[in-house]
Amino acid sequence: MAKDSKGKELPKGITQRPDGRYMGRFQYDGNKYCLYDAELEKLMERIEDMRYELRHGIYQKEQKITVSSWFNTWIEEYRKPSVKVGTVKKYQQAFKNYIEPEIGKKKMKDMRPEHIQRLYNKLSKKVGANTLIGAAQVLSGMFRQAEKNGIIKKNPVPLANIPRAKDEGDRRVLSKEEQKTFLKYCKKLPSGDLFEMALSTGMRSGELRGLQWKDVDFTNKIIHVTGTLVNADGKYFIDTPKTRTSKRDIPMLDNVYEILRQQRKRQNEYRLALGNRWQSAPDLEGLVFTMETGHPIAQRTLSDRMNKINREIQKEFPDYERITPHTLRHTFATRCIENGMPPQVLKTILGHSKLGMTMDLYSHVLPDTKAEEMRKIVGLFQ
C-alpha cells in the first residue's frame, strides 16, 4: 500500500506525486480515469462524485461539456435535491435570460476569467444590481461544483469582479398625492383591492397572491404571512417563505380589514354563481385573491393589470411615472418611516432578514425629510 511523504498509508488507487499533489486512479466500465488534488480529502470526494456521475450516466468528458449542458446537470443533480422549487426556477430563469445567450455554447474547459468579466460588464449596463448578483450566484455555484468534480482545472469565476449595475435611479416611491391618484384609479380595475392591500401592508406580490383564508385572523385583525405563491412548470403551490423572517404577522389597518371582509363576501358569491365552473388550483381552494374563475393570479397577470392602471392614469396625468407592484411595497415602507416607525418594527413587518436592508430604506427616505426635521429645532441653539 502506498504512503505519502509523512509515512501515512494511502487508500487503494491513491499515490502522492513528487510535487506534493495526490493522484487518484480508478476504472469504470473498462475506461481509466485519473484525478489530481493538493488535498487528499478533496481528491477522495471528487473521485466519489465522478463515480456517481458515471453510474448515473451524467458524466461528460472535460473536452466536450458546454456551459449549458453542465448547468442542466448541476441543476438536476446538485440543486433540485437541496433547495426550494422556487429557488430552482429563479436559477433557471437567470441562466436562460442572462447567461446562456452569452456563454451557453462555450466549452467549460475553455472558460477564462475574462469571459466571466465580459459577461458581468455587459449585464451591468442593462440590468439592475439584484439581477446581476443573481446571475453571479448561479455562475459561482455551477463553476465551483465543476472544479470540485474535475470538469475544469481552475474555477474562473472568483477571478472576475462584479461591477456596479446600471444606475437605476432612486427607488420609485409614490408621493402622497400620487398615492391618492393611484388608489382612485386602481379601485376601478381588476386586482384593485389586492394593490391597495400591497400599499397598506408592504406584502410582496407572491405573498399576497398566495395568502389563504386560514391565515386571515378577523377576530384579532392579524394577517399571518406563511408562504408565497409559486408557479413551477404550470403547477401552482405555496412555497415556504423566502427567509425565516419572511414568516410574520402583520396587523390589519381598518381599510385592509374591510377589503378582506368584502373579498370573502364577493368570492362566496362568485363560487355560488359559477358552480362547477369555479376552478381553483389543486390544494389551493382557500386563496384569498384569485382570478374571477377561482384560478390563482399569475405574476404576469398582476403586472399587466398594473400597466393598465398606469396607462389610465397617464391619460389624465401624462407625467405620471410608471410604477410596478414592488413600488407599492417601497411606498408602504416610506410612509411608515415618514410617520416615525422604528427600524426594528418596520423590519419585522416587511420580513427583512437583516436590519441593514431596512436601514437602506431609511437612508433613502431621510434625506427628503431632514430639512423638515431641522425646522423642528429652530431656536434651540439661539
Side-chain angles (χ1 to χ4, degrees), residues 67-68 70-72 74-75 79-80 83-106 111 113-145 155-173 198 202-209 228-233 239 241-243 246 298-304 306-307 310 321-331 333 350-354 356-358 360-361 363-364:
V67 173
S68 288
W70 173 245
F71 171 79
N72 292 331
W74 177 70
I75 278 289
R79 294 289 80 197
K80 281 189 175 181
V83 300
K84 298 190 299 181
V85 174
T87 301
V88 169
K89 185 179 180 182
K90 289 179 181 178
Y91 288 163
Q92 291 171 326
Q93 288 176 335
F95 185 81
K96 179 181 179 181
N97 294 336
Y98 307 113
I99 300 173
E100 188 169 37
E102 302 296 330
I103 62 173
K105 295 181 180 179
K106 290 184 178 293
M111 289 299 298
E114 57 265 30
H115 297 141
I116 305 295
Q117 190 66 59
R118 191 176 300 123
L119 171 62
Y120 285 167
N121 293 343
K122 190 171 183 177
L123 288 178
S124 69
K125 296 175 183 178
K126 62 181 183 180
V127 303
N130 290 339
T131 300
L132 178 56
I133 291 172
Q137 288 173 335
V138 171
L139 285 170
S140 177
M142 59 184 287
F143 274 85
R144 186 169 58 247
Q145 189 66 51
N155 181 2
V157 175
L159 302 178
N161 298 315
I162 301 178
R164 289 188 61 182
K166 69 171 184 175
D167 183 9
E168 296 179 290
D170 290 338
R171 285 187 177 95
R172 174 74 167 109
V173 172
M203 292 172 67
R204 302 176 177 93
S205 167
E207 294 170 342
L208 279 165
R209 292 181 297 114
T228 186
L229 186 68
V230 172
N231 180 358
D233 300 324
D239 203 359
K242 182 179 179 181
T243 64
S246 294
Q299 178 61 47
R300 170 56 61 186
T301 299
L302 204 65
S303 296
D304 289 343
M306 175 67 83
N307 288 335
N310 283 321
E321 293 183 41
R322 175 182 176 275
I323 64 174
T324 69
H326 207 64
T327 303
L328 305 180
R329 179 170 161 87
H330 288 317
T331 301
L350 293 175
H352 283 161
S353 58
K354 297 178 180 178
M357 298 172 67
T358 312
D360 284 344
L361 294 173
S363 66
H364 168 72

Does Thr131 form a side-chain contact (heavy atoms from CB on, under 4.5 Å) with Asn97? I'd like the steps, not just the answer. CA-CA 10 Å; Thr131 300; Asn97 294 336; over 6 Å; no
Stepwise, does the side-chain contact (heavy atoms from CB on, under 4.5 Å) test hold for Tyr120 with Asn161? CA-CA 8 Å; Tyr120 285 167; Asn161 298 315; over 6 Å; no
Could you go step by step and tell me if Arg79 and Thr87 meet the side-chain contact (heavy atoms from CB on, under 4.5 Å) rule? CA-CA 9 Å; Arg79 294 289 80 197; Thr87 301; over 6 Å; no
Between Arg322 and Thr327, does the side-chain contact (heavy atoms from CB on, under 4.5 Å) criterion hold? Intermediate values first, please. CA-CA 10 Å; Arg322 175 182 176 275; Thr327 303; over 6 Å; no
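Distance CG/Asn307 to CG/Asp304: 6.0 Å, rounded to 0.5 Å. In this structure, Gln92 CD and Glu100 CD are separated by 11.0 Å, a value rounded to the nearest 0.5 Å. Separation of atoms CG (Leu302) and OG1 (Thr324) is listed at 10.0 Å; rounding is to 0.5 Å. Atom CD of residue Glu114 and atom CG of residue Leu159 lie 10.0 Å apart, to the nearest 0.5 angstrom. Atom CG of Asn155 and atom CE of Met142 lie 10.5 Å apart (nearest 0.5 Å). The OH atom of Tyr98 sits 12.0 Å away from the CG atom of Leu119 when rounded to the nearest 0.5 Å.
In this structure, Met111 and Ile103 approach most closely via the heavy-atom pair CE-CD1, 3.9 Å. When every heavy atom of Phe71 is checked against every heavy atom of Tyr91, the shortest pair comes out as CZ-O, 3.7 Å. Nearest heavy-atom pair across Asp239 and Val85 is OD2-N, 4.2 Å. Of all heavy-atom pairs between Ala136 and Ile162, the closest is CB-CD1, 3.6 Å. The minimum heavy-atom distance between Ile323 and Asn310, with the atom names listed, is O-ND2, 2.9 Å. Considering all non-hydrogen atoms of both residues, Pro325 and Gln299 come closest at CG-NE2, 4.4 Å.
Counted within 6.0 Å of CD on Glu321, heavy atoms from surrounding residues, nucleotides or ligands total 12 or fewer; the atom is thus considered open.
Taking the side chain as every heavy atom from C-beta outward, Phe95 and Ser68 approach each other to under 4.5 Å. Within the 4.5 Å cutoff, no side-chain heavy atoms of Pro113 are placed close to those of Gln117. Contact check for Glu102 versus Leu123: no side-chain heavy atoms found under the 4.5 Å cut-off.
Although no hydrogens or angles enter the test, the distance criterion places a donor-acceptor pair under 3.5 Å between the side chain of Arg329 and the main chain of Leu350. The backbone N or O of Pro163 lies less than 3.5 Å from no partner atom in the side chain of Asn121, so there is not a single donor-acceptor pair.
The salt bridge (Lys or Arg N to Asp or Glu O under 4.0 Å) search around Lys89 returns none, not counting sequence neighbours.
Note: His326 and His330 have perpendicular aromatic rings, judged against thresholds of 30 and 60 degrees for the angle between ring planes.
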